[in-house]
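Report on one structure; see the data block that follows.
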Amino acid sequence: MMKNGKLFRLRRLSLAGDDKHLLVPLDHSVSDGPIVPADQWADLLRALVAGGADGIVVHKGRARALAPDILKSCALVVHLSASTACSADVNAKVLVGDVEEALRLGADAVSVHVNIGSDTEAQQLADLGAVARSCDAWGMPLIAMVYPRGPRIENPHDPALLAHLVNVAADLGADMVKTSVALPLDRMAEVVANSPIPILAAGGPPDGSDLIEYGTAVMASGCRGLAIGRRVFTSPSPAALVSRLSAVVHGGSGGGSGGDGTEPAARPDGRTDDMAHYSTMVAGIA
């Protein structure tokens, strides 16, 4: 029964039923402050759903405040980790929720953040393992957000390091892992080849370059999806941008539109060109 429950929930994380995923994290309000004015929150969610997001990621308090009709065709992921930009150590993530709470809120999955290389790595790993145990007991999918961050990390885009990180997520019980991309970007395929679980590529080019081309290159590397928050909710047209990102993830028309969702932009013709183009531009993933 529990196994079936996890399978049912995993299915709801992919609208197209192709085991590919476009998630929009909206947990930034804990770490950085409001992402939109309070009276625009419901409108933002409706725009993401209308655009075709497979799921949104929010903290438990936001999940409690959701109107029942908003997520009629979009999965709910409850994020269990937190820290703020005001902390003495911004990389020290702590658990602020549990699987049972997420179940009561109607969640389709939970997520936990771990910063490998941080001063509190050991506790974060212990928290991930504990949440994985609860997820297994309740049939809840677990998305591990695992990043190379902290004083012990020299190159956060090292393919070997990222391959290590995704295996940490898999070995401790995650069903999917969200992480940074390798650079040069064509080496992300090595990370994918070494991962026992699906990889969701985090963020996008922080320099403002084209997000659609970035997503196309990432999907070509074998990643199973994208998890993009800030570049979506700060877009002048979130619904349009999500629609184009969904086309990149799931296939279909619209993938050639501009990175902000409003203007057309030319794309390189081939997979190798896409990857080479973005390997020279991406300095870090948000």
Side-chain angles (χ1 to χ4, degrees), residues 23-45 48 53 55-66 76-98 101-102 109-128 131 143-157 161-162 165 168-169 177-181 183 200-209 211 214 226-236 238 241 260 282-286:
L23 301 185
V24 182
L26 300 171
D27 56 292
H28 304 68
S29 50
V30 169
S31 57
D32 301 319
I35 61 176
V36 292
D39 62 355
Q40 296 178 23
W41 177 255
D43 290 339
L44 172 61
L45 293 183
L48 302 179
I56 61 166
V57 183
V58 296
H59 283 282
K60 59 185 179 182
R62 296 284 181 176
R64 290 193 186 105
L66 288 173
L76 172 64
V77 180
V78 174
H79 194 44
L80 304 183
S81 303
S83 69
T84 77
C86 302
S87 172
D89 182 0
V90 297
N91 293 320
K93 298 294 180 177
V94 298
L95 289 182
V96 293
D98 58 43
E101 283 181 301
V110 297
S111 57
V112 173
H113 188 137
V114 176
N115 288 320
I116 298 296
S118 68
D119 289 337
T120 59
E121 174 190 301
Q123 183 59 53
Q124 293 177 52
L125 289 175
D127 290 343
L128 177 60
V131 171
I143 302 170
M145 301 184 179
V146 186
Y147 298 97
R149 292 177 181 170
R152 295 156 191 82
I153 301 300
E154 294 183 4
N155 176 12
H157 301 288
L161 174 61
L162 292 171
L165 266 59
V168 168
V177 56
K178 172 191 172 191
T179 195
S180 306
V181 297
L183 291 180
L200 307 180
D207 60 1
S209 54
L211 188 58
Y214 165 81
L226 304 171
I228 300 175
R230 196 181 312 274
R231 288 288 298 270
V232 169
F233 61 71
T234 60
S235 167
L241 179 54
D260 62 357
V282 181
I285 300 302

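Numbers here are sequence positions counted from 1. Note that these values count all heavy atoms, side chains included, but never hydrogens, waters or copies made by symmetry.
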Which donor-acceptor pairs under 3.5 Å do the side chains of residues 25-44 make with protein atoms, sequence neighbours left out?
unit_1 : atom_1 : unit_2 : atom_2 : d
Ser31  : OG     : His28  : O      : 3.2
Asp32  : OD2    : Arg230 : NH2    : 3.3

For residues 80-95, which side-chain N or O atoms pair as donor and acceptor with protein atoms under 3.5 Å away, sequence neighbours left out?
unit_1 : atom_1 : unit_2 : atom_2 : d
Ser81  : OG     : His113 : N      : 2.9
Ser83  : OG     : Val90  : O      : 3.0
Ser83  : OG     : Lys93  : NZ     : 2.9
Thr84  : OG1    : Cys86  : N      : 3.2
Ser87  : OG     : Asp89  : N      : 3.0
Ser87  : OG     : Asp89  : O      : 3.1
Asp89  : OD1    : Asn91  : N      : 3.0

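Minimum interatomic distance between Leu211 and Gly203 (heavy atoms only, all atoms of both residues): CD1-O, 4.2 Å. Considering every non-hydrogen atom in both Leu162 and Pro156, the closest pair reads CD2-O, 3.8 Å. Across every non-hydrogen atom of Ala201 and Tyr214, the tightest pair is CB-OH, 4.2 Å. Summarising the geometry of Pro151 relative to Ser118, their closest heavy-atom pair is CD-CA, 4.3 Å, with the distance given to 0.1 Å. When every heavy atom of Leu200 is checked against every heavy atom of Leu226, the shortest pair comes out as CD2-N, 4.5 Å. Closest approach of Gln124 and Thr120 over heavy atoms only: NE2-OG1, 2.7 Å.
Side-chain atoms of Ser180 do not come within 3.5 Å of backbone N or O of His157 as any donor-acceptor pair. Looking only at distances, no side-chain donor or acceptor of His79 sits under 3.5 Å from a matching main-chain atom of His59.
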*Decide yes or no on side chain to side chain contact (heavy atoms under 4.5 Å, CB included) for Arg62 and Val78, but give the supporting numbers first.*
CA-CA 9 Å; Arg62 296 284 181 176; Val78 174; over 6 Å; no
*asked:* Working note: Ile143 + Val57, criterion side chain to side chain contact (heavy atoms under 4.5 Å, CB included); need CA distance, chi angles, decisive distance, verdict.
replied: CA-CA 10 Å; Ile143 302 170; Val57 183; 5.9 Å; no
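At least one side-chain heavy atom of Ile116 sits less than 4.5 Å from a side-chain heavy atom of Leu125. Taking 4.5 Å as the limit, every side-chain heavy atom of Ser111 sits out of range of all side-chain heavy atoms of Lys178. At least one side-chain heavy atom of Ile153 sits less than 4.5 Å from a side-chain heavy atom of Leu161.
A search for side-chain contact (heavy atoms from CB on, under 4.5 Å) contacts involving Glu101 returns Lys60, Arg64, Asp98, Arg104, not counting sequence neighbours. Partners of Glu121 under the side chain to side chain donor-acceptor pair (under 3.5 Å) rule, at least two apart in sequence or in another chain, do not exist in this structure.
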